[in-house]
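Input: a single structure, listed below in structure tokens.
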Amino acid sequence: MFLSVIALSLAVAEQPKAPFPYVRGTAHHILPHTHTDESGYFSLCEGKNGKVYVGTAAYGLNAYLIEFDPKTGAQKVVVDVNQVCGLKTPEKPTFAAQSKIHTRNFVAPSGKIYVGSKQGYRRGKDDTADYPGGYVMVFDPEIGRTESLGIPFKGEGVNDVTADEKAGLAYVVTCEDHHWMVLDLKTKQYREPDPKLRLTAYAQTLLDAKGRAVVVTKDFKLARFDPVTDKLELLDLASDGKAVGAAGDKLGPPCWALAPDAKAAYLIRMSDPTLFRIDLAADGPKVPVADLGKLIDGKGHDSRGSLIVGHDGLVYALERVDNATKFGRGYLHQLVSYDPATRKARDHGVLAVKNADWFDFGPGKDGKPKPWSHGFHKLPDGTLTPLHAHMALAQARDGTLYATIIYPFTLVRIEAKDYK
């Protein structure tokens, strides 16, 4: 017995210790039959009913919105895009299919959830089909019904939907050319405030405290549309430090989120952890922007649609950085936050999975690694952590954080006690 205790003590002593804290969450594999390549995008939210909603990508075939019940862990399909839009699922993958729900899920005051569909990729040289255009859809969790609101722009996918139900409007960003469309929710008619206007890639419309719609343009100006006056303005972003961006600067798309009072927005770039605060309430042709500094140091930054302002008023994001610690290789995905009250950033730690059995990483029958299972890796202490790409972050009203990771397509649930 005494020797067994000594052996156990030595084993514990020999276990390598990570040079950083972990933020541990419980992993859930998103319903496998709703995605083809273990993939999804920015589509993540908590509904007003406390359920969590995740969009998937079944490339060349279809796309789905999944409902996750935090109390039971149960998942179910609530939106089948082909079914809602009256489309037939193709027998073989095609570029003409509605392949993704890529939009951030917009939860309106009514509790309805607005999403949109997008094209995928051509499946070989013989896939020459034309893409008809993406659909805007609205799902009502209270009655379990989804309505198609049509195609905003022929041949273009839907990248973002933001609804102003009070004004009877919805704002849509298309891709690949990034048009900005306004939908009349009553007549179901779409129009462009300015057909020449082009937005940044993966642009997102926000609604400011005065009910105006704002979005970042391709050349990093602020486009502001007032539904009361039906007028569009283009305003300069005037930073007190580093510029927010310039066309072709190769820092990747911006991601932004409203402050609780909707008088300001916080923004980061995909490849730069500098956090900006944009004053949406200011008058004049120039919009004041405060450079708040870097959320985290390091190199090789990558943040994919994960910037949010939580119900607690803090700004959160996931940042992938090069692992320069020599504790393992590859990348580290770290949860960071910024407190507007103290004006300080905090690194909460490296995202890690509590339950390693949520997915079978073992080889297939042919002895080779399973397809699309390369998105996680183990660190020297045996901790399983994301490797390549996170896709979205959301905070529930009880403080729980949810993140999506691809390969395999995974929803990670992080309780407040594990990151606060």
**Request:** Taking the side chain as every heavy atom from C-beta outward, state whether I268 and P273 have any atom pair closer than 4.5 Å.
**Result:** no

* Within a strict 4.5 Å, meaning less than it, do heavy atoms of the V350 and T383 side chains meet? -> no

Tell me if a side-chain donor or acceptor on T162 pairs with a main-chain N or O of Y171 at a distance below 3.5 Å. no

Quiz item: side-chain hydrogen bond (donor to acceptor under 3.5 Å, both in side chains) between Y41 and N159: does it pass, once the steps are laid out?
Solution: CA-CA 10 Å; Y41 290 84; N159 173 72; over 6 Å; no

For K221 and D236, run salt bridge (Lys or Arg N to Asp or Glu O under 4.0 Å): C-alpha distance rounded to whole Å, both residues' side-chain angles, the deciding distance at 0.1 Å, then the answer.
-> CA-CA 5 Å; K221 293 182 182 293; D236 290 327; 2.4 Å; yes

| Flag if over 12 foreign heavy atoms under 6.0 Å of CG, D312 | yes

Q.
Main chain of Y135, side chain of S117: is a donor-acceptor contact present, judged purely on distance under 3.5 Å?
A. yes

Distance col, row E142:CD vs K48:NZ, nearest 0.5 angstrom, shows 11.0 Å

Those residues at least two apart in sequence (or on a different chain) that pass side-chain hydrogen bond (donor to acceptor under 3.5 Å, both in side chains) with D279 are none

(message) Is the shortest side-chain heavy-atom distance between Q119 and S99 below 4.5 Å?
(response) no

Please confirm whether the backbone N or O of R212 pairs with a side-chain atom of D208, one donor and one acceptor, at under 3.5 Å? yes

If you count heavy atoms of other groups shown closer than 6.0 angstrom to OH of Y202, is the number above 12? no

Could you check if a side-chain atom of T217 sits within less than 4.5 angstrom of a side-chain atom of L197, using non-hydrogen atoms only? yes

field: Main-chain N/O of L61 paired to N82 side chain as donor or acceptor, under 3.5 Å
entry: yes

Residues P408 and W358: closest non-hydrogen pair is CG-CZ2, 4.1 Å

- When you check the gap from the basic side-chain N to the acidic O, do K51 and E46 get nearer than 4.0 Å? no

Sorted by chain and number, sequence neighbours left out, salt bridge (Lys or Arg N to Asp or Glu O under 4.0 Å) with D164 holds for none

- Query: Distance only, no hydrogens: is a donor on one side chain within 3.5 Å (strictly under) of an acceptor on the other, for E38 and Y407?
  - Reply: no

Taken to the nearest 0.5 Å, the spacing of R346 CZ from D339 CG works out to 10.0 Å

Does the side-chain contact (heavy atoms from CB on, under 4.5 Å) test come out yes or no for F20 and L379, once each step is laid out? CA-CA 12 Å; F20 40 70; L379 294 174; 3.9 Å; yes

For residues 385-404, the ring pair (Phe, Tyr, Trp, His ring centres under 6.0 Å) pairs (sequence neighbours left out) are H333-H390, H374-H388

- Could you verify whether a donor N or O on one side chain and an acceptor N or O on the other, from S39 and W372, lie under 3.5 Å apart? no

Does one side chain, of T26 or N355, offer a donor that lies under 3.5 Å from an acceptor on the other? no

| Do we see a donor-acceptor contact under 3.5 Å between the side chains of Q98 and N62? | no

Closest non-hydrogen contact found for F220 with A247 is CD1-N, 4.0 Å

Minimal heavy-atom distance between I405 and A389, with the atoms involved, is CG2-O, 3.6 Å

Item to complete: Could you please spell out the steps behind the side-chain contact (heavy atoms from CB on, under 4.5 Å) verdict for T34 and V77?
Response: CA-CA 8 Å; T34 65; V77 174; 3.8 Å; yes

Q) Do you see a donor-acceptor pair shorter than 3.5 Å between the side chains of K100 and Y121? A) yes

N/O donor-acceptor pair under 3.5 Å between Q334 side chain and E319 backbone: no

| Between the side chain of D249 and the main-chain N/O of A246, is any donor-acceptor distance below 3.5 Å? | yes

| task | Show the numbers, then the answer: is there a side-chain hydrogen bond (donor to acceptor under 3.5 Å, both in side chains) between T385 and H377? | result | CA-CA 6 Å; T385 183; H377 65 144; 5.1 Å; no

d(E415 CD, T400 OG1) to nearest 0.5 Å is 6.0 Å

For the pair D418 and K354, evaluate salt bridge (Lys or Arg N to Asp or Glu O under 4.0 Å) and give the outcome as yes or no after the intermediate values.
CA-CA 11 Å; D418 290 323; K354 291 181 179 180; 2.9 Å; yes

### Message
Determine whether F409 and H29 satisfy the following criterion, ring pair (Phe, Tyr, Trp, His ring centres under 6.0 Å), listing intermediate values before the conclusion.
### Response
CA-CA 6 Å; F409 192 27; H29 188 205; 8.4 Å; no

Checklist entry - Between W180 and F153, is the ring centre distance below 6.0 Å? => result no

Any side-chain donor near an acceptor of the partner, E165 and S110, under 3.5 Å: yes

* **Close side-chain approach of F68 to H28, heavy-atom, < 4.5 Å** => yes

- request: Look at atom CZ of R343 and say whether more than 12 heavy atoms of other residues, nucleotides or ligands are closer to it than 6.0 Å.
  value: no

Do any N or O atoms from the side chain of S43 and from the backbone of G55 form a donor-acceptor pair under 3.5 angstrom?
-> yes

Point to revise | Within 6.0 angstrom of K218 NZ, more than 12 heavy atoms from elsewhere | key: no

*asked:* I'd like to check L332 versus R320 (side-chain heavy atoms, cut-off strictly below 4.5 Å). Are they in contact?
replied: no

query: Please walk me through it: do K118 and E176 pass salt bridge (Lys or Arg N to Asp or Glu O under 4.0 Å)?
result: CA-CA 10 Å; K118 184 183 180 299; E176 301 295 317; 3.3 Å; yes

| said: Does this structure show an ion pair linking D360 with K370, if we count only N-O contacts that are shorter than 4.0 Å? | reply: yes

Sequence neighbours excluded, the answer for side chain to side chain contact (heavy atoms under 4.5 Å, CB included) partners of L292 is Y266, L275, R277, A290, Y338

| message | Side chains of T56 and I30, heavy atoms from C-beta outward: is any pair under 4.5 Å? | response | yes

message = Would you say S306 and Y316 are linked by a side-chain donor-acceptor pair, where the criterion is simply a distance under 3.5 Å?
response = no

Given 3.5 Å as the limit, does a donor-acceptor pair link the side chain of D240 with the main chain of D291, or not?
yes

**Prompt:** ring pair (Phe, Tyr, Trp, His ring centres under 6.0 Å) between F359 and F361: does it pass, once the steps are laid out?
**Reply:** CA-CA 6 Å; F359 183 83; F361 286 94; 4.9 Å; yes

For residues 188-199, the side chain to side chain donor-acceptor pair (under 3.5 Å) pairs (sequence neighbours left out) are H179-E192, H179-R198, R191-D230

Checking D160 against T103: is there a side-chain donor and acceptor pair closer than 3.5 Å? no

- Item | Salt bridge present between K210 and D226 (N-O < 4.0 angstrom) | no

Notebook entry, point to check: Looking at side-chain heavy atoms only, is the closest gap between V161 and F106 below 4.5 Å?
Noted result: no

* When you measure from the side chain of R269 to the backbone N and O of G252, does any donor-acceptor pair fall under 3.5 Å? -> yes

Fill in: Other residues, nucleotides, ligands: >12 heavy atoms within 6.0 Å of K420 NZ
yes

Applying ring pair (Phe, Tyr, Trp, His ring centres under 6.0 Å) to H311 and not counting sequence neighbours gives none

